[in-house]
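Because only heavy atoms are used, hydrogens play no part in the values below, and waters and symmetry mates are left out as well, while side chains stay in. Per chain, numbering begins at 1; letters A, B, ... match sequence-line order.
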Amino acid sequence: MDTIIIDNIKDFNLQQTLECGQCFRWDMVKENSYNGVVLNKAVNATLNNGALTITGCCHSHKDFWLDYFDLKADYGKIRHDLSLIHPTLKEAATYAPGIRILNQDKWEALCSFIISQNNNIPRIKGIISRLCGEFGNKISDNAYTFPTPQELKNVTIDDLQPLRSGFRAKYIVDAVEKVNSGEVCLDRITTLPLPEAREQLIKIKGVGVKVADCTLLYGMHRLECFPIDVWMRRAMEVLFPNVAPEDFGQYAGIAQQYIFHYSRMNPTLFEEK
DNA sequence: ACCCAGGAAATTC
DNA sequence: GAATTTCATGGG
């Protein structure tokens, strides 16, 4: 089993990155150590003293993991620049300085955030886990790949019943159909200007602006995207009353993740006075 | 029993 | 058109 070590990493914490709501396929096995499935690899990631060790990553390159965890970017500098924009953003960024925006698979991000709507994180993880178990490929004892659109070709709502995803099943079916037919081309959307990229994604039933923005930010690394859900709406009203998302600039998506995580960890900020 | 959950579609006003 | 209801399912 192959191992990759990346050392000298700053501004990185696995718990903050993997449990901030951007991904659903990593589980803590102990402090600073997580098991997850990325593409077709079941891996463990462990971070100690700025050194990240990834095991189980056969046939993959170190460069892939630098990209996946966004380790090439200088988050210290980004956090510094964001902190100048607003004092509360500085507070949120300082609260979890180890968050990084992952480079996840586009299709997995799209599907995962379709499932996320009007749902809670533990159940989202359960539905995705069952989706992979039913339709993905078994790659180790308890690990399955995320099924590709090709592998889900011609899937029906009835086929998806074991997921217990409720009304979202028909949205998954529509996403599979539109991606397979080429009506929606995820590779092309990646580099499209934001309004057109959103417009394309929203052609899929069950995809609105929020799910589209999550797909763009977490699956296509469009860091200027600022997904607004119920938490972010409240956070903007209460913590940033006179600020527009555009004010956060080219790294608005990173700002959003700092604010989202900070808000979820401090729900009392939003209790009625 | 009731309420809510990283929303969006359907319906009503 | 804007505001409200509904949509499955599970947990607190």
- Message: At 4.0 Å (heavy atoms only), tell me whether Gly206(A) reaches a base, stays on the sugar-phosphate, or touches nothing.
- Response: sugar-phosphate
- Find the distance Phe167(A):CZ to dT6(C):C1' and express it as a whole number of Å. 9 Å
- Note on the structure: For residues 238-250 of chain A, the salt bridge (charged side-chain N to carboxylate O under 4.0 Å, His left out) pairs (sequence neighbours left out) are none
- Query: Between atom CZ in Arg168(A) and atom P in dA5(B), what is the gap in whole Å?
  - Reply: 13 Å
- Message: Need one value for Pro227(A): base, sugar-phosphate or nothing, where a base atom within 4.0 Å counts as base even if backbone is also close, heavy atoms only.
- Response: base
- Integer-rounded Å distance: dA5(B) P and Asn119(A) CG: 11 Å
- Message: Can you tell me how far apart CZ (Arg198(A)) and CG (Asp213(A)) are? Round to the nearest 0.5 Å.
- Response: 4.0 Å
So which protein nitrogen or oxygen atoms get under 3.5 Å of nucleotides 10-12 of chain C's nitrogens or oxygens?
from, atom 1, to, atom 2, distance (Å)
dG10(C), OP1, Arg164(A), NE, 2.4

Listing, residues 31-38 of chain A side-chain donor-acceptor contacts under 3.5 Å, not counting sequence neighbours, or none:
from, atom 1, to, atom 2, distance (Å)
Ser33(A), OG, Asn44(A), ND2, 3.1
Ser33(A), OG, Thr46(A), OG1, 3.0
Tyr34(A), OH, Glu19(A), OE2, 2.5
Asn35(A), OD1, Asn44(A), ND2, 2.9

- Query: Quick one: on DNA chain B, does Lys205(A) or Gln257(A) contact a more 5' nucleotide (nearest heavy atom)?
  - Reply: Gln257(A)
- Interatomic distance where CG belongs to Asn118(A) and P belongs to dG6(B) [whole Å]: 9 Å
- Provide, to the nearest angstrom, the distance between the CG atom belonging to Leu110(A) and the P atom belonging to dG6(B). 19 Å
- Query: If you take all heavy atoms of Ile114(A) and Arg168(A), which pair is closest and at what distance?
  - Reply: O-CD, 4.1 Å
- Write down the distance separating the P atoms in dA2(C) and dG6(B), rounded off to the nearest Å. 28 Å
- Message: Any base atoms under 4.0 Å from Tyr218(A), or only sugar-phosphate, or nothing? Heavy atoms, all strands.
- Response: base
- Message: Counting the atoms with a prime plus P, OP1 and OP2 as sugar-phosphate, which does Phe260(A) contact under 4.0 Å by heavy atoms, base, sugar-phosphate, or nothing?
- Response: base
